[in-house]
Asker: 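Sharing a structure below in structure tokens format, with a few things to ask.
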There are 2 protein chains.
Amino acid sequence: MSDHAQEMTIGQLARRCGVHVETIRYYQRKGLMRVPDKPWGGIRRYGEDDLARLGFIRAAQHLGFTLAEIRELLKLEDGTHCAEAAAIARQKLEEVRTRIAQLNGMAAALSELLNACERGKGKQRCPLIGSLRTGLRDTREPPRAE
Amino acid sequence: MSDHAQEMTIGQLARRCGVHVETIRYYQRKGLMRVPDKPWGGIRRYGEDDLARLGFIRAAQHLGFTLAEIRELLKLEDGTHCAEAAAIARQKLEEVRTRIAQLNGMAAALSELLNACERGKGKQRCPLIGSLRTGLRDTREPPRAE
DNA sequence: CTTGACTCCGTACTGGCGTACGGCGCCAGA
DNA sequence: TCTGGCGCCGTACGCCAGTACGGAGTCAAG
């Protein structure tokens with residue numbers, strides 16, 4: 001099982017991780033993956049540790065970390081710096097929550113405008129467009145000074 | 001108040017909208033803002049309609065629309081195409097909700113991992129790092145075959 | 001008249017995450 | 001031996017929404 005540990009080419013590594021070759025090279029340029037030296041003639045070989053590292057990177061990306069942050073997390077890979085890792089994760093959680101709040105605001109405004117469009121169907125003036133024109137100030141009560 | 005309607009320079013327009021001059025030029029290049037012709041010698045003048053258009057763009061941005069989408073919305077600016085505008089908004093709302101769901105997943109995973117780090121404080125192995133290494137499969141129960 | 005602020009216009013750069021391209025080397029199978 | 005497919009390496013390009021820069025023109029005040 002571990003006999004062919006150092007037997008992978010970059011293409012095989014890529015295929016096993018569902019990643020493009022160029023992506024691995026990009027991670028190498030960014031300092032996230034090591035560049036193994038070429039032992040027997042011209043072609044670099046990759047092992048299970050590289051596979052694991054790639055998995056680490058992909059998993060961290062699913063949590064929303066940027067590659068720069070993942071590089072920091074990888075420095076703590078031995079698992080003995082839990083506080084540092086947790087600090088990075090706490091900051092990321094803050095960012096994610098901030099973004100969620102922003103998006104919730106957008107979704108609320110959009111659905112309210114869509115409701116107004118639904119209610120006023122058939123009228124000549126679109127409430128959505130109208131609200132954009134007046135700068136989103138008045139979503140539900142168009143200021144008809146009458 | 002409306003005497004100096006055509007009296008604004010691009011810098012004044014920018015200041016009144018809280019936008020950089022270069023941003024307006026960028027919108028012009030993208031076809032979102034018109035480029036007025038220069039009447040009396042070399043300097044283009046902008047009016048209240050340009051101000052309104054800029055406000056429309058900023059308001060739409062707050063709703064999460066991209067500039068390409070805003071260009072489409074601006075084509076419906078007369079307010080007589082409510083169905084088309086609503087269709088664009090519905091799609092955007094879908095996108096926003098999808099993104100919110102993604103981010104909620106991230107936030108949930110992150111806070112769970114942070115809880116695990118808190119619980120296991122003092123231990124030598126960081127659960128956050130450990131989960132990344134094993135590919136995020138096991139968040140709460142490290143598989144100690146004991 | 002000069003100075004300083006502003007405008008005009010084109011071009012290049014930012015950040016985040018890759019993708020694409022092109023010329024070369026190397027190696028295995030037919 | 002030849003050929004096709006990878007691997008190697010550097011560079012450029014893609015998106016998006018701007019930002020920065022630089023030289024030239026113009027305009028108003030001092």
Side-chain angles (χ1 to χ4, degrees), chain A residues 6-47 50 54 56-74 92 95-96 99 102 106, chain B residues 4 6-47 50 54 56-74 92 95-96 99 102-103 106:
Chain A
Q6 283 299 122
E7 295 296 305
M8 264 181 290
T9 66
I10 195 171
Q12 289 163 342
L13 176 61
R15 251 167 272 131
R16 279 182 72 175
C17 270
V19 166
H20 294 294
V21 170
E22 295 305 321
T23 302
I24 295 174
R25 286 200 210 286
Y26 176 70
Y27 292 166
Q28 289 174 334
R29 285 199 296 279
K30 288 283 158 179
L32 294 165
M33 298 276 296
R34 74 186 180 106
V35 181
D37 27 60
K38 338 184 198 178
W40 341 290
I43 288 192
R44 305 186 193 284
R45 300 287 161 169
Y46 298 83
D50 297 297
L54 209 39
F56 187 111
I57 295 170
R58 305 307 281 189
Q61 280 190 312
H62 283 307
L63 289 181
F65 291 107
T66 67
L67 294 185
E69 289 158 350
I70 294 170
R71 188 167 42 220
E72 297 309 304
L73 287 173
L74 281 166
K92 178 54 59 181
E95 289 172 25
V96 169
R99 186 75 184 127
Q102 281 177 3
M106 290 179 194
Chain B
H4 56 81
Q6 282 299 122
E7 294 297 305
M8 265 181 291
T9 67
I10 194 171
Q12 290 162 342
L13 176 61
R15 250 168 272 128
R16 279 182 73 177
C17 271
V19 166
H20 294 293
V21 170
E22 295 305 320
T23 301
I24 295 175
R25 287 200 210 285
Y26 176 70
Y27 293 165
Q28 290 174 335
R29 285 200 296 279
K30 289 281 157 180
L32 294 165
M33 298 277 295
R34 74 187 181 107
V35 182
D37 29 58
K38 339 184 198 179
W40 341 289
I43 287 192
R44 306 186 193 283
R45 299 286 161 170
Y46 298 83
D50 298 297
L54 209 38
F56 187 110
I57 294 170
R58 305 307 283 187
Q61 279 191 313
H62 283 307
L63 290 180
F65 291 106
T66 67
L67 294 185
E69 289 157 350
I70 295 170
R71 188 166 44 218
E72 297 310 304
L73 287 173
L74 282 166
K92 178 54 59 180
E95 288 172 24
V96 169
R99 185 75 184 127
Q102 280 178 4
L103 290 171
M106 291 179 193

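Sequence lines set the chain letters: A, B, ... in the order given, protein chains first and strands last, and positions in each chain run from 1. Just so it is clear, the values below take in all heavy atoms, side chains as well, and ignore hydrogens, waters and symmetry mates.
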Asker: Verify the contact: side-chain N or O of A/K30 to OP1 or OP2 of C/dG15, cut-off strictly under 4.0 Å; return yes or no.
Answerer: no
Asker: Are a donor atom and an acceptor atom from the side chains of B/Q102 and B/R99 found within less than 3.5 Å of each other?
Answerer: yes
Asker: Which comes earlier along DNA chain C counting from the 5' end, the contact point of B/R25 or that of B/R29, where each point is its nearest nucleotide?
Answerer: B/R25
Asker: Find the distance B/K38:NZ to C/dC6:C1' and express it as a whole number of Å.
Answerer: 14 Å
Asker: What's the CZ-C1' distance between A/F65 and C/dG16, to the nearest Å?
Answerer: 16 Å
Asker: Can you measure A/M8 atom CE to D/dC8 atom P for me and round it to whole angstrom units?
Answerer: 13 Å
Asker: Output the rounded distance in Å from CD1 (B/I43) to C1' (C/dA5).
Answerer: 10 Å
Asker: Of the candidate nucleotides C/dG10, C/dC17, D/dG18, which contains the atom at the shortest distance from the side chain of A/L67?
Answerer: C/dC17
Asker: Can you identify which nucleotide, out of C/dT19, D/dG7, C/dC9, has its nearest atom closest to the B/R44 side chain?
Answerer: C/dC9
Asker: Verify the contact: side-chain N or O of A/T23 to OP1 or OP2 of C/dT19, cut-off strictly under 4.0 Å; return yes or no.
Answerer: yes
Asker: I want to verify a distance call: between D/dT19, D/dA17, C/dG18, whose nearest atom is closest to the B/H20 side chain?
Answerer: D/dT19
Asker: When the C1' atoms of C/dC13 and D/dC13 are compared, how many Å lie between them, rounded to an integer?
Answerer: 14 Å
Asker: If I take atom CG in residue A/L54 and atom C1' in nucleotide C/dG18, what distance separates them, rounded to the nearest angstrom?
Answerer: 14 Å
Asker: Please give, in whole Å, the distance from C/dC17 P to A/Y26 OH?
Answerer: 6 Å
Asker: Give the nucleotide from the list D/dC27, C/dG18, D/dG18 with an atom nearest to the side chain of A/R58.
Answerer: C/dG18
Asker: Considering only D/dC9, D/dA20, D/dG18, which nucleotide approaches the side chain of B/Y27 most closely?
Answerer: D/dG18
Asker: Measure across B/Q28 and B/R34 and return the closest heavy-atom pair with its distance rounded to 0.1 Å.
Answerer: NE2-O, 3.2 Å
Asker: When you get a sec, tell me which of C/dG18, C/dT7, D/dA17 is the closest nucleotide to the side chain of B/T9?
Answerer: C/dT7
Asker: Would you indicate which nucleotide in D/dG7, C/dG18, D/dC8 comes nearest to any side-chain atom of A/Q61?
Answerer: C/dG18
Asker: Check the distance between C/dG16's P and A/E72's CD and give it to me in whole angstrom.
Answerer: 13 Å
